[in-house]
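Remarks on the structure that follows.
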Amino acid sequence: MIERPYDGCGTCLLGVRRLSRMKLATTSPERQRADVLAVAASIGGHIVGWADDWEVSGATAPMTRPKLGPWLRDERGPYDGLVAAAVDRLGRNVVDCLNTGYKMRDEGKLLLTHGHDGPWDLNEPVDENRCTMDAWGAQMELRAIQRRNRDTTVRGWLQVPQPPLLMARRSVGVGGPWESARRGAPEAIG
C-alpha cells in the first residue's frame, strides 16, 4: 500500500501538491498525485500525508503555506522527506526552493521530484546546480505570469468607459461651459 501511516522505515514521505488556481476543468491535482505516487513507489517509499495547497501562489514561501508550512515547522508529525510532482510545486522562487531543499538535507530527510532520478543530493554540485536551474526556471515563469497579469490589468484600466461628465466635456469642446468650470471661472459657478 503506497499510502499508510508513519512507520519509521526511512521512506515515509509527505506528498506535496500546489495549484495557484483551482478550476473545475483542471486535471492538475490528479496528474500531480499520480506523479508523486510514482516517485514514491520508485524508491520503495509510501505517503504518510498530503500537503495540498490549492489556490496558493507559487510566490508564497513554503514555510508560510497553509498545508506545507506546518509540516516544515514540525507541527504535523514525523516524515522522512518531501516528494513533489516538480520543483516548481515546492515554490517559484530560487531562494525558497533551495532553502526547502537545504532544510531537508540538513535534517537528513529526502527531497524527491518527478523527472529526477532518485532523491536530490544537494551536497553534490551537479544535483545542486540542476535543482537551482529548475527553481530558476520556475522563478522566471512566475515573473512572466506576474508581468502578463499586470499588463492585463493595465489594459483593463485603459478600456474602462469614461464617466459621462468627461464625455460631455469632450462633446462641447474647448471654450464651452466645461472649460469655464475647469478653470474655476465665476460664470461657471453662478
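The first residue in the sequence is number 1, and the count goes up from there. For clarity, every value in this text was computed on a predicted model and none was experimentally measured.
- Judged by distance alone, with hydrogens and angles left aside, the side-chain atoms of Thr26 form no donor-acceptor pair with the main-chain N or O of Lys23 at under 3.5 Å.
- Looking at Arg18, its side chain does come within 3.5 Å of a backbone N or O of Asp88 through a donor-acceptor pair.
- Under the 4.5 Å side-chain heavy-atom criterion for ILVMFWY residues, no single connected hydrophobic cluster contains both Leu68 and Leu13.
- Lys109 has a carboxylate O that lies under 4.0 Å from a charged side-chain N of Asp74, or vice versa, which qualifies the two as a salt bridge.
- The line from CD of Glu124 to CG of Asn129 is 8.5 Å long, rounded to the nearest 0.5 Å.
- Counting heavy atoms of neighbouring residues, nucleotides and ligands inside a 6.0 Å radius, atom NZ of Lys103 exceeds 12 of them.
- Donor-acceptor pairing under 3.5 Å is recorded for the side chains of Asp127 and His116.
- Among Thr100, Val36, Leu110, the single residue meeting the side chain to side chain contact (heavy atoms under 4.5 Å, CB included) criterion with Leu82 is Thr100.
- The local environment of CG in Asn123 is crowded, with over 12 non-hydrogen atoms from other residues, nucleotides or ligands closer than 6.0 Å.
- With hydrogens and angles left out, the side-chain atoms of Glu128 and Tyr102 include a donor and acceptor closer than 3.5 Å.
- Between Arg21 and Glu55 there is no salt bridge, since no side-chain nitrogen of the basic residue lies less than 4.0 Å from a carboxylate oxygen of the acidic one.
- A cation-pi contact links Arg17 to Trp50, judged by a cut-off of 6.0 Å to the six-membered ring centre and 45° from its axis.
- Of the possible donor and acceptor atoms, none in the side chain of Thr60 sits under 3.5 Å from a partner among the backbone N and O of Val56.
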